[in-house]
Trainee: 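Following this message is one structure expressed as structure tokens.
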Amino acid sequence: MKIFVVIATYNGEKWIEACLNSILASSISITTVLVDNASNDGTVQLIKSKFKKPIQLRRVILLEQKENFGFGKANNIGLSYALLKEADFMFLLNQDAYLQESTIIELVKAYRNNKDYGIISPMHMNGDGTKLDKKFSNYIKVNTTLAFDSIQQNYSNTIYQIPFVNAAAWLLPRSTLEKVGGFDPIFIHYGEDNNYCQRLSYHNLKIGVVPHVHICHDREFDNKTENRSDKEKLIFKERYYKYKWANINVEVDNDIQKHKNKMQRLILKTFVKLQFKKAMYHIKELSLINSILPEIINSRKINSKIGKHYL
């Protein structure tokens, strides 16, 4: 059985040593593929200096990129490498996350008993392992049984189905990649894991959480919501429209047309009221929609088919 951990790194010097040490301490033999997105801190130098023993060199593969490709494309590079090396399972791990000794082998065992699942995730704890990761606790609320059991710390199931879990710690059997493919490149950073979960559902695969298996996710949160510039707002709009309209589980043509009509009315309304700044923003938003629609349409066409897309 060949298992590859894939990590996309970017300026991860703060976490990467602890992350790699947690992998090397695993109870089974694992090869780690790090795809570095042209980090400009000491990430690459740390990896080369700290993990240079012969056994580590065999188990830690560093693929340096000359530019920052973003989360999705960097992971696709690592996943493609693992597939070429005939991996049976791939485990996506964030650079700021740490395994327990038995995390991966327990997830593999869970998959073998639940082969209708395309993604299997551990429970995500916070950085010091004292409580559930804040965002992860929100993801599992949709499964009320899991949410209740997690509060009681008494689990009635060995695996719980949920519609989405972030890609900080995904076990992916080879069959998932052969059916669904990799991350869609229309998502540069953020949204790619939402889209992947949508595609998984379309292809009749489930997403599961195994409650007795854990990782620690030592992440930092950016809670900035106010005083965004128009440019920042449009970046978020683009991400939202792609997330919404690239979802192949729903028909979107009518929704797109309704939204474009709404934007046109807003442009006219704000011009009539002499609200020129607002009018210009709505013009930019409508232009954004028109510019991203061709790639969304192409994405839907590709992702509705079975295959190792983007890998």
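Remember, it's a predicted structure, so these values are computed and weren't measured experimentally. These numbers come from the heavy atoms of this one structure, side chains and all, not from hydrogens, waters or symmetry mates. The chain is numbered in sequence order, starting from 1.
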Trainee: Please determine whether a side-chain nitrogen of the Lys or Arg among E285 and K233 lies less than 4.0 Å from a carboxylate oxygen of the Asp or Glu.
Mentor: no
Trainee: Are any of the side-chain nitrogens in E192 or R239 under 4.0 Å away from the carboxylate oxygens of its partner?
Mentor: no
Trainee: Looking at R219 and D133, is any side-chain nitrogen of the basic one under 4.0 Å from a carboxylate oxygen of the acidic one?
Mentor: yes
Trainee: Answer yes or no: is there a donor N or O on one side and an acceptor on the other, between the side chain of D36 and the main chain of A8, under 3.5 Å?
Mentor: no
Trainee: Does S229 use its side chain to pair, donor to acceptor, with the backbone of E232 at less than 3.5 Å?
Mentor: yes
Trainee: Please check if the side chain of T176 supplies one atom and the backbone of G118 the other of a donor-acceptor pair under 3.5 Å.
Mentor: yes
Trainee: Using only atom types and a distance under 3.5 Å, with no angle test, would you say the side chain of K260 pairs donor to acceptor with the backbone of L286?
Mentor: no
Trainee: Which ring pair (Phe, Tyr, Trp, His ring centres under 6.0 Å) pairs, counting each pair once, include a residue from residues 161-182, with sequence neighbours left out?
Mentor: Y139-F164, W170-F183, W170-Y196
Trainee: Heavy-atom count check: over 12 atoms from other residues, nucleotides or ligands less than 6.0 Å from Y281 OH?
Mentor: yes
Trainee: Provide the closest heavy-atom pair for K206 versus L200 in the form atom of the first, atom of the second, distance.
Mentor: O-CD2, 3.6 Å
Trainee: Is D255 paired with K244 through a side-chain N to carboxylate O contact shorter than 4.0 Å?
Mentor: yes
Trainee: Looking at K179, I'd like to know if its NZ atom is crowded, meaning that more than 12 non-hydrogen atoms belonging to other residues, nucleotides or ligands lie closer than 6.0 Å.
Mentor: yes
Trainee: Taking the six-membered ring for Trp, is the centroid-to-centroid distance between F89 and Y111 below 6.0 Å?
Mentor: yes
Trainee: Only one of H259, R265, Q257, K258 forms a side-chain hydrogen bond (donor to acceptor under 3.5 Å, both in side chains) with N261, so which one is it?
Mentor: Q257
Trainee: Counting distance only, does the side-chain N/O of N195 pair as donor-acceptor with the main-chain N or O of G191 below 3.5 Å?
Mentor: no
Trainee: Would you please name every residue forming a side chain to side chain contact (heavy atoms under 4.5 Å, CB included) with E178, sequence neighbours left out?
Mentor: R174, K308
Trainee: What is the distance from atom OG1 of T9 to atom CG of D96, rounded to the nearest 0.5 Å?
Mentor: 11.5 Å
